[in-house]
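Have a look at the structure below, then the notes.
Heads up: numbering here begins at 1 and tracks the sequence. In each ligand, atom 1 is the first atom listed, and ligand 1 is the first ligand listed. Note that the structure is predicted; figures quoted are calculated from it, not measured.
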Amino acid sequence: MPEPNDRDGMKSVSCTRGELLAEASRALRVEGRENSVAPENARTDAIRLVAAALDIPPHSLLVSPETPEGEAACERVQGFIARRLRHEPVSRIIGSRAFWKNDFIVTPATLDPRADSETVVALAGDIIEREGLNDRPFTLLDLGTGTGCLAISLLMDYPTASAIAVDIDPDALAAASLNSDQAGVADRFTARQSDWTDRVSEHVDLVISNPPYIPSADIADLAEDVRNYDPHQALDGGADGLDAYRMIARAAARVAGGGWLVLECGQDQADAVDTIMQRAGHRTAINGRRQDLAGIERALAYRITKASPLQSRSPAGEHA
Ligand code: GLN
């Protein structure tokens, strides 16, 4: 348990919620200049961290600042602030991230869900509705599910959907299963350990994925919040960042021939991913390119070509 001293940027033990919040904001703002916690995020980070440390909803923190808190609570807050100053993302400290319409458990085995990825959920939802997939039972396959946030969000929105969610890491699948339970969709969610589609023999209607897409050589230059905390397996997309897309392009026809594919991509990758998909015979869906809130092309949708025996074979050694 960290000591309440100025080593962690907080000088004294406070006694009210309001004082704790003020101290936490100040510590993050002041220390943040050197530690690159963006100063404009200091107060929102502080609200989330203090509320979680006190085990109260953020609004309680704001509406009852006079409520006294004991020393143990102060120490918990200081511990959380010290971790944030070491660049640990807020979601990892509190173990939870709000995504789409739910809160998702985040663990060291999972990528921290980003708001950018909600673009994939939105685009997949548009395809599901436009194509009437939700008029009947349908199955989606989430490749590299992590927290399960993409698949679970779609299961919550579409009651006739079932999902097969694969990940190579059993610890990620454990988190995804907990998340499906918490979201009330566990009965339609199958978590399966698989190296991409290796252990998928079913035919599905829709494939979704936020695959690793950072070029290997760029990982070292990522912000510490990402580099030191997100699993590299979920980030590293090989030499040009596109290995997973080449694999998915081949596998899609086998597992979802004639169906739909919705993918996340990294900044400036949309054209390159498009080329890979077109070469594999998949066709860009109508309105099948979608920007995230920052205006970056982030989600791509394709009509998957029907499988041919040649296309469905995946050359050895090319799994990302
Ligand atoms: N969006 C993540 C980042 O920018 C990367 C996630 C991924 O590779 N799929 O760090």
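In the hydrophobic cluster analysis, where Ile, Leu, Val, Met, Phe, Trp and Tyr join through side-chain heavy atoms closer than 4.5 angstrom, Tyr158 is grouped together with Leu123.
The nearest heavy-atom contact from the protein to atom 3 (C) of ligand 1 is Arg114 NH2, 3.7 Å.
Looking at ligand 1, you'll find an N or O of Tyr213 within less than 3.5 Å of one of its N or O atoms.
Ion pairing between a basic and an acidic side chain is recognised when a charged N comes within 4.0 Å of a carboxylate O; Asp292 and Arg114 show no such pairing. A salt bridge links Asp230 with Arg92: the closest approach of a Lys/Arg side-chain nitrogen to an acidic carboxylate oxygen falls below 4.0 angstrom. Using a 4.0 Å cut-off between a side-chain N of Lys or Arg and a carboxylate O of Asp or Glu, Arg76 and Asp55 do not qualify as a salt bridge.
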Practice problem: Show the numbers, then the answer: is there a side-chain contact (heavy atoms from CB on, under 4.5 Å) between Arg97 and Asp112? | Solution: CA-CA 7 Å; Arg97 164 76 85 177; Asp112 184 0; 2.9 Å; yes

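In the vicinity of Asn210, heavy-atom distances shorter than 4.0 Å reach the ligand 1 atoms 7 (C), 9 (N). Contact atoms of ligand 1 toward Leu235: 5 (C), 8 (O) (distance under 4.0 Å to a heavy atom of the residue). Within the listing of ligand 1, atoms 10 (O) sit less than 4.0 angstrom from a heavy atom of Val226.
The nearest non-hydrogen atom to atom 9 (N) of ligand 1, considering only Pro211, Gly146, Ala234, Pro212, comes from Pro211.
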